[in-house]
J.: 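Let me give you the structure first, and then I'll get to my questions.
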Amino acid sequence: MGDYILRCLSGGEIIPENYSLSCKSHSGFIRSEYAAKQITFRENEPGIFHYVDWLPVHSSLPTKTEPVTFKSEELCSELGHHNLWITFTGWYPERGCFAKTGSFKELEALPTLIRVRENGGGTLVVASAGNTGRAFAQMGADFGMPVLLVVPDSAADNIWTVSNEVPKSVTLVTVNGDYSDAIAAADEICRYPGYISEGGGKNVARRDGMATVMLSAAFTLGKLPDHYFQGVGSGTGGVAAWEASIRLLADGRFGSRLPKLHLAQNLPFVPMVNAWKRRSNIIEKEDMPENSALAVQEVYASVLTNRFPAYSVKGGVYDALWSCGGEMYSISNNEAKSASKLFADAENGIDLDPAAAVALAALQKALSDGSIKKDETVILNCTGGGYSRIAYDCHTEKIPVSQKIQPGETIGL
Ligand SMILES: *Cc1c(COP(=O)(O)O)cnc(C)c1O
């Protein structure tokens with residue numbers, strides 16, 4: 001299974017695996033290098049663990065969650081492009097998609113939880129009430145692995161899992177403040193022994209988990225796609241797709257050219273698009289919306305409003321776009337909403353996550369301005385969807401609040 005080493009992308013040194021998130025001497029990303037240069041699709045492993053050769057773990061969990069690549073004939077004819085494929089992670093039973101919290105954040109949560117367990121164990125601490133928080137809570141609940149969520153008071157009601165009972169291994173702490181207070185409280189909690197940070201984009205388990213989207217695409221197509229579309233917030237998913245492509249090139253069986261990344265953000269919050277337009281690796285003040293708090297409220301796809309994306313970091317979004325000649329797109333709410341309707345009409349009424357609708361709208365733009373040739377293969381990463389079907393098909397339970405704290409306070413153990 002996934003035998004690997006970790007290497008610093010800035011200095012090239014090998015980093016000891018101790019649930020390491022960074023190099024002591026450099027600030028760039030570290031990356032996993034797998035013993036298997038050619039990946040074997042593991043029929044007998046469940047879900048995402050089909051790709052365990054290229055996950056930084058040595059064991060698996062009995063999950064059904066995995067990215068699924070399929071062709072939507074109806075969407076192909078609507079868009080007038082017949083080489084369009086969808087890689088979907090969410091809830092869409094007719095297509096074999098069973099991610100119960102509805103997004104590809106489950107792809108990050110699964111290997112991350114195992115990586116913690118295989119490197120000393122502990123309680124994974126996550127400050128999110130969105131897709132990330134729910135994905136880690138669900139996976140923690142499903143497999144009895146300890147997860148502690150820290151969220152603002154006002155967001156406590158967003159935390160549910162698909163379950164018939166309140167999960168025992170998941171704890172919810174709320175902070176009487178906003179997200180930055182919740183993040184600060186989570187950082188403080190991680191100073192206690194036994195409490196582990198999920199690590200964001202720096203965590204190779206999160207990136208390589210999301211990289212399975214490109215692996216699913218490559219195994220289904222029998223080669224790398226020419227184009228890859230995704231909505232990006234932290235940008236980690238785009239970086240993960242690029243890293244998977246680099247490994248697939250080295251594998252030798254999937255083609256000889258990196259897919260072009262087409263990454264999209266939602267107006268008026270488009271800092272990476274603005275920086276990339278100048279081909280600058282720095283997000284300047286003027287790339288951010290004038291009033292970030294207001295802009296966050298205005299966008300349809302709120303998961304795409306990360307204020308500190310993995311853009312400039314060595315091995316991050318800028319490097320990824322540069323190496324594949326990538327493009328970025330600003331998408332309006334109306335464009336995203338009409339893309340969402342287009343998808344639902346073509347695919348059994350499945351409601352896309354707004355971030356996935358932003359990606360589809362970007363694809364529509366690229367097709368209409370002629371930047372995709374007729375016979376080129378396109379992968380649309382549908383990063384989330386099927387929420388209304390989850391509500392219909394599954395029983396959800398809210399996670400009760402176990403402690404309420406004030407900003408600056410930490411939890412009682
Ligand atoms: C988090 C998320 C994204 C953005 O991914 P990043 O890795 O942060 O760029 C896109 N779509 C959905 C559904 C998400 O939950």
Side-chain angles (χ1 to χ4, degrees), residues 29 65 67 86-92 97 99-109 111-112 126-139 158 179 198-214 228-244 261-266 269-273 276 283 296 299-311 313 315-318 320-321 326 328-329 331 336 339-340 343 350-363 379-387 390:
F29 276 167
T65 296
I86 287 164
T87 305
F88 189 97
T89 315
W91 186 261
Y92 188 178
C97 307
K100 288 182 272 190
T101 61
S103 89
F104 81 153
K105 295 297 192 297
E106 290 185 20
L107 305 176
E108 305 182 63
T112 298
V126 181
S128 158
N131 292 344
T132 303
R134 284 185 297 102
F136 277 88
Q138 184 74 52
M139 299 300 107
N158 301 348
Y179 261 102
E198 44 82 15
K202 288 191 295 222
N203 190 339
V204 291
R206 291 191 64 162
R207 299 212 305 278
D208 294 356
M210 285 194 288
T212 60
V213 169
M214 187 63 87
Y228 168 93
F229 285 79
Q230 196 203 309
V232 287
S234 72
T236 315
V239 171
W242 172 58
E243 292 180 315
L261 299 181
H262 300 259
L263 307 179
Q265 298 203 282
N266 194 177
F269 196 104
V270 294
M272 288 191 274
V273 188
W276 180 245
I283 295 175
V296 167
V299 302
Y300 174 51
S302 55
V303 294
L304 303 185
T305 58
N306 192 302
R307 281 175 216 213
F308 303 102
Y311 182 78
V313 62
V317 174
Y318 174 86
L321 288 169
M328 289 205 73
Y329 302 79
I331 299 300
S340 177
F343 189 89
I350 289 292
D351 53 339
L352 282 182
D353 189 289
V358 164
L360 176 52
L363 169 60
I379 285 288
L380 173 66
N381 184 353
C382 285
T383 47
Y387 301 101
I390 295 169

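Order of listing sets the numbers, starting from 1, for every ligand and every atom in it.
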J.: If you measure from CH2 on Trp276 to CG on Leu261, what distance do you get to the nearest 0.5 Å?
T.: 9.5 Å

J.: Under a plain distance cut-off of 3.5 Å, with no hydrogens placed, do His262 and Tyr329 share a side-chain donor-acceptor pair?
T.: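 Their side chains do contain a donor-acceptor pair, which is all the 3.5 Å distance test asks for.
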
J.: Could you tell me which residues satisfy salt bridge (charged side-chain N to carboxylate O under 4.0 Å, His left out) with Arg206, sequence neighbours excluded, listed by chain and number?
T.: Glu108, Glu198

J.: Trp91: what forms a side chain to side chain donor-acceptor pair (under 3.5 Å) with it, not counting sequence neighbours?
T.: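 Trp91: side chain to side chain donor-acceptor pair (under 3.5 Å) contacts with Asp393.
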
J.: When you check the side-chain N and O atoms of Thr101 and Gln138, is any donor under 3.5 Å from an acceptor?
T.: no

J.: Please tabulate, line by line, the atom pairs linking an N/O of ligand 1 to a protein N/O at a distance below 3.5 Å, with the distance in Å to 0.1, or answer 'none'.
T.:
residue  : atom   : partner : partner atom : Å
ligand 1 : 7 (O)  : Ser234  : OG           : 3.3
ligand 1 : 7 (O)  : Thr236  : N            : 3.4
ligand 1 : 7 (O)  : Gly237  : N            : 2.8
ligand 1 : 8 (O)  : Ser234  : N            : 2.9
ligand 1 : 8 (O)  : Ser234  : OG           : 2.7
ligand 1 : 9 (O)  : Gly233  : N            : 2.8
ligand 1 : 9 (O)  : Ser234  : N            : 3.3
ligand 1 : 9 (O)  : Gly235  : N            : 2.8
ligand 1 : 11 (N) : Thr383  : OG1          : 2.7
ligand 1 : 15 (O) : Lys105  : NZ           : 2.6
ligand 1 : 15 (O) : Asn131  : ND2          : 2.8

J.: Which residues satisfy the side chain to side chain donor-acceptor pair (under 3.5 Å) test with Thr236, sequence neighbours excluded?
T.: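 With neighbours one apart ignored, the set is Ser234.
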
